[in-house]
Amino acid sequence: MSCEQVRQWMLEGTLEGGWAELPAGPFAEHIEGCPDCRAFAARLAAVDAALSTSPLEEAPPSVAQTVLARVSAEARREPETFLSWLVWLPLGSLLLGLFWAYLTLFWQRGSDWAITVIPSMSEWPALLERWLSNQQVMISAVTVCIAAGILFSVLGVGLGLYVGRERLAHGH
Amino acid sequence: MKEPDAALLERCRQRDTEAFAQLVREQQDYVYTLALRVLRDPEEAADLSQEVFLQVWNALPSFRGESRFRTWLYRIVINRGLNRRRRLERRPQSVSLEQQMPHPLVATQDDPHTEVWHRERQQVLWEQVQQLPDKYRIALTLFYQHELSCAEIAEVLDLPLGTVKTHLYRARQALAEALPRGEKDVL
């Protein structure tokens with residue numbers, strides 16, 4: 001058994017189990033008969049003993065004082081919100097987008113597209129039939145682009161918020 | 001170090017400032033020590049510790065406990081610390097090695113000669129640790145001072161387990177070889 005093998009075994013074997021876990025046998029015999037490996041084992045054990053008993057650094061009092069002062073001030077300022085910004089921001093974007101799309105369509109197609117009053121339940125089938133039978137209704141590329149833009153902006157905001165929240169939760 | 005109490009974390013999530021104060025008191029030395037190992041500057045480490053706790057306060061409501069709290073906490077320290085270090089490296093700085101050394105051991109039952117020898121050896125070793133590359137120095141700190149297992153260190157550093165073991169292997173080997181000859185045979 002070579003010195004290199006013995007040292008590799010010492011460095012790997014003592015990593016998790018510690019020095020108490022080393023079994024007797026050929027390694028122990030080698031260490032007993034090899035002054036260099038015995039010295040290395042002593043130094044490695046000394047490293048483990050010294051580093052594992054080193055005390056933690058004491059944080060300056062200003063750390064806790066500053067943090068707690070800011071946290072308390074923030075807590076006093078935090079308003080009670082019905083919905084978290086993670087909900088109302090995408091929701092607001094969606095409503096704004098829909099309103100914009102409605103105005104755009106009104107501008108493009110004329111007043112017959114504008115729903116000036118909310119139809120009653122009994123009027124919906126007739127409205128739908130009229131819409132389907134209207135051969136002149138062609139969705140223009142501009143309208144598709146606008147709708148796609150709205151959709152992607154809403155998805156983008158939602159995705160951005162989700163990724164931001166995930167990164168925050170995972171410590172980045 | 002043990003994981004903070006689940007009830008305490010829940011109270012912190014509910015924005016209980018007194019609970020958060022307790023959490024800060026429990027964790028601040030761990031956070032500061034790690035920050036100091038990353039930045040090697042006491043003032044910067046204190047600033048970083050404050051930043052970390054403020055981030056924890058803001059992010060705790062979204063912390064779902066998929067990883068252990070202290071793993072999450074140390075990851076914040078290291079990520080923010082390394083970013084801060086990159087910014088600091090762009091400007092000249094001078095830090096004395098003495099400032100970075102851990103405090104000497106408190107008095108023990110050992111005889112004074114042994115205690116002095118032990119303290120001196122610790123100082124020599126930490127001087128050596130400070131010379132090691134980041135990846136070794138941080139892994140050693142988490143292993144010895146924060147008492148994390150190799151698997152937990154791998155989670156904190158987002159590295160494969162084998163890589164963490166290799167870092168620790170090489171770091172310990174370098175330290176053992178750098179230790180002055182003629183050390184007491186402790187086996």
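Just so it is clear, the values below take in all heavy atoms, side chains as well, and ignore hydrogens, waters and symmetry mates.
- How far CG of A:L68 is from CH2 of B:W57: 9.5 Å, rounded to the nearest 0.5 Å.
- Each of B:F53, B:F20, B:Y144 has some count of heavy-atom pairs under 4.5 Å with chain A, and the biggest count is that of B:Y144.
- Other residues, nucleotides and ligands contribute only 12 or fewer heavy atoms inside 6.0 Å of the CZ atom of B:R170.
- Comparing B:A21, B:A45, B:A178 by how many heavy-atom pairs each has under 4.5 Å with chain A, the most go to B:A21.
- Note that OG of A:S54 and CG of B:L140 are 11.0 Å apart. Values are rounded to the nearest 0.5 Å.
- A distance-only check finds no donor-acceptor pair linking the side chain of B:T33 to the backbone of A:L56 [under 3.5 Å].
- With rounding to the nearest 0.5 Å, the separation of CD in A:E57 from OH in B:Y30 is 13.5 Å.
- The choice from B:V24, B:L54, B:T141 that makes the most heavy-atom pairs within less than 4.5 Å of chain A is B:L54.
- Formation of a donor-acceptor pair under 3.5 Å by the B:D29 side chain with backbone atoms of A:A59 is found in this model.
- In this structure, the separation between OG1 on B:T166 and CD on A:E12 is 8.0 Å, given to the nearest 0.5 Å.
- B:Q145 places a side-chain N or O within 3.5 Å of a backbone atom of A:P55 that can act as its donor or acceptor partner.
- Taken from CD in B:Q28 to CD in A:E58, the straight-line distance is 8.0 Å, to the nearest 0.5 Å.
- For A:L51, the parts lying near chain B are the backbone and the side chain together; criterion is any non-hydrogen pair under 4.5 Å.
- Judged purely by atom type and a 3.5 angstrom limit, B:R172 uses its side chain to pair as donor or acceptor with the backbone of A:L11.
- Side-chain atoms of A:L44 and B:Q173, non-hydrogen and from C-beta on, never get closer than 4.5 Å to each other.
- Grouping the Ile, Leu, Val, Met, Phe, Trp and Tyr side chains by contacts below 4.5 angstrom, directly or via other members, places B:I138 with B:L88.
- If you chain together hydrophobic residues whose side chains sit under 4.5 Å apart, B:L82 and B:L132 fall into the same group.
- Considering only heavy atoms from C-beta on, A:P60 comes within 4.5 Å of B:Y32 through its side chain.
- Cluster annotation: B:V124 is not connected to B:Y136 through the hydrophobic network of ILVMFWY side chains, with a link wherever side-chain heavy atoms come within less than 4.5 Å.
- Other residues, nucleotides and ligands place more than 12 heavy atoms under 6.0 Å from the CD atom of B:E10.
- Once rounded to the nearest 0.5 Å, the distance linking OG of A:S62 with CD of B:Q50 reads 5.5 Å.
- Minimum heavy-atom separation, A:A50 to B:L125: CB-CD1, 3.4 Å.
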